[in-house]
Amino acid sequence: MSAENFLSRRAAAVQSSSTLAIGAEIKRLVADGQDIINLCAGEPDFDTPVAIRQAATRAMAEGQTRYTPVAGLPMLRQAIVAKLQRENELHYEEQQVLVSCGCKHSLYNLFQAVLNPGDEVIIPAPYWTSYPEMVMLAGGQPMIVSSTMAEGFKLTAAQLQQAVSPRTRAVLINSPNNPSGACYSAAELRALAEVLMLHEQVLVISDDIYEHLQWSGGPFRNIVNIEPQLQARTVVCNGVSKAYAMTGWRIGYAAGPAPIIAAMTRIQSHSTSNASAISQAAAIAALEGSQDTVEEFCRTFRQRHDYVYGRLEQMPDVQCRPATGTFYLLPDFQPAMARNGTSDDVAFAQWLLERAGLAVVPGSVFGAQGQQRISFASDTPTLERAMDRLQDALAVRKGRQG
Ligand code: PMP
Ligand code: GLU
């Protein structure tokens, strides 16, 4: 019997994370000496601030090297409760918070805790690539609802109303959004909340991981801020990865109704137990220390965004919408692709890699066929060279097509 026959149907069906796989492949090519500019990065290019690293060093020296409670160190859970109150005006008790190994793990636990076979989860596209796979790993059914660039890449109330069925178990809201960089305005969240108020069987999942990286004009607001009545059936997922340049430390958290958090905690108790004790100590320092670097990161991303967006805007065969958060842009290359007789964004990404030495992530990975995700988590000179290469490649392509 072939070893493949031992795989569960779940394991046989799951796709590996394309963002991680593409990123790893590009890093390998660069290490091999290939001249590639990597615009795939799904993480800040900054180092974790020194004070946070020092807190981890101290924790190690003091011997904080044992298991912690499954749900996280009491001090960290208290720091998260305080953060949610201070920054988000959301009140939670400590038992409503679970610390996990990254926000990805928080979401994974959540789907395991709330989905029965066949339960539908509404996922607005463009979406982060792991959502549908995580839903399926929990036996759920992703219901993808697509929004175009013209619609600002955002789910409308009418679309949401149409997508809700008696089998809908949850809806995902990710603002600022990976991969489009779009942020929902208060009015847009209000419209979605009005629909959700009519469907009390629907759990709301608010993935706020990019909350600090936004320049949409006002303070960050999630759907619970807009409609406090939804708090009783919303799980807020967040973490320290993006705001504090701590992707490798693997600390995320979920805050929500106590029975859901308790179920997630039971599940986690049989899988990873607790998140790394040392990383938890670092996360306390991140949440409780000076927030100056967070603001600095955001300012820098915004400047880079303005530069890259400005360059893309001048390229004739590229359509782009400015982002108001994250470190991603999602330009549309369909005019350039059409001229070449292809509608396949994966092939186009490969062409950019081979001809221009430019690595981007094809939109279809995010349910956004025809677009490419450009990450501007690189320094400005790199972004300048990257945009020069892109412009030259598109000009050559145009020339070829006559
Ligand atoms: N949600 C979104 C939208 C993301 O882009 C990411 C980053 N991969 C995550 C969650 C998970 O973040 P973490 O590194 O904390 O697991
Ligand atoms: N969020 C990042 C990305 O979208 C990190 C990789 C991942 O976990 O998917 O590229």
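Note that ligands are numbered from 1 as they come in the structure, with each ligand's atoms numbered from 1 the same way. Here, residue 1 is the first one in the sequence, and each next residue gets the next number.
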Look at the aromatic rings of [X] and [Y] and report parallel, tilted or perpendicular, splitting at 30° and 60°.
X    : Y    : answer
F376 : H305 : perpendicular
W128 : Y131 : perpendicular
F297 : F46  : parallel

Tell me, which protein residue and heavy-atom name are nearest [atom], and how many Å apart are they?
atom                    : value
atom 3 (C) of ligand 1  : D207 OD2, 3.3 Å
atom 12 (O) of ligand 1 : C103 CB, 3.7 Å
atom 7 (C) of ligand 1  : K242 NZ, 2.7 Å

Does a donor on one side chain sit under 3.5 Å from an acceptor on the other, for [X] and [Y]?
X    : Y    : answer
K242 : Y210 : yes
H91  : E93  : yes
S216 : Q214 : yes

Exercise. Take atom CZ in R86; do more than 12 heavy atoms of anything else shown fall under 6.0 Å from it?
Worked result: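 Counting other residues, nucleotides and ligands, CZ of R86 exceeds 12 neighbours.
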
Relative to the heavy atoms of [X], which atoms of ligand 1 are at a distance of less than 4.0 Å?
X    : answer
Y131 : 3 (C)
N178 : 3 (C), 4 (C), 5 (O)
G102 : 15 (O), 16 (O)
N174 : 3 (C)
S241 : 13 (P), 14 (O), 15 (O)

Problem set entry | Nearest-0.5 Å distance, OG1 of residue T326 to CH2 of residue W215 |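 Result: 6.0 Å between the selected atoms.
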
Exercise. What is the distance from atom CD of Q96 to atom OH of Y253, rounded to the nearest 0.5 Å?
Worked result: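 One finds 14.5 Å between CD of Q96 and OH of Y253.
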
Exercise. Counting heavy atoms only, which part of E43 comes closer than 4.0 Å to ligand 1: side chain, backbone, both or neither?
Worked result: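 For E43, no heavy atom sits under 4.0 Å from ligand 1.
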
Problem set entry | R250 contact mode with ligand 1 (heavy-atom cut-off under 4.0 Å) |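 The side chain, only.
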
Exercise. Atom 10 (C) of ligand 1: which of W128, Y108, W249 has the nearest heavy atom?
Worked result: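 Of the listed residues, W128 has the closest heavy atom.
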
Problem set entry | D332 bridged to R321 by N-O distance under 4.0 Å |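 No.
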
For this session: Quick one: do R299 and E296 satisfy salt bridge (charged side-chain N to carboxylate O under 4.0 Å, His left out)? Show the steps, please.
Result: CA-CA 5 Å; R299 261 197 311 279; E296 196 183 305; 5.1 Å; no

Problem set entry | Amino acids contacting ligand 2, non-hydrogen cut-off under 4.0 Å |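 Lining ligand 2 at under 4.0 Å, by heavy atoms, one finds S17, T19, L20, G42, K104, W128, N178, Y210, K242, Y328, R373.
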
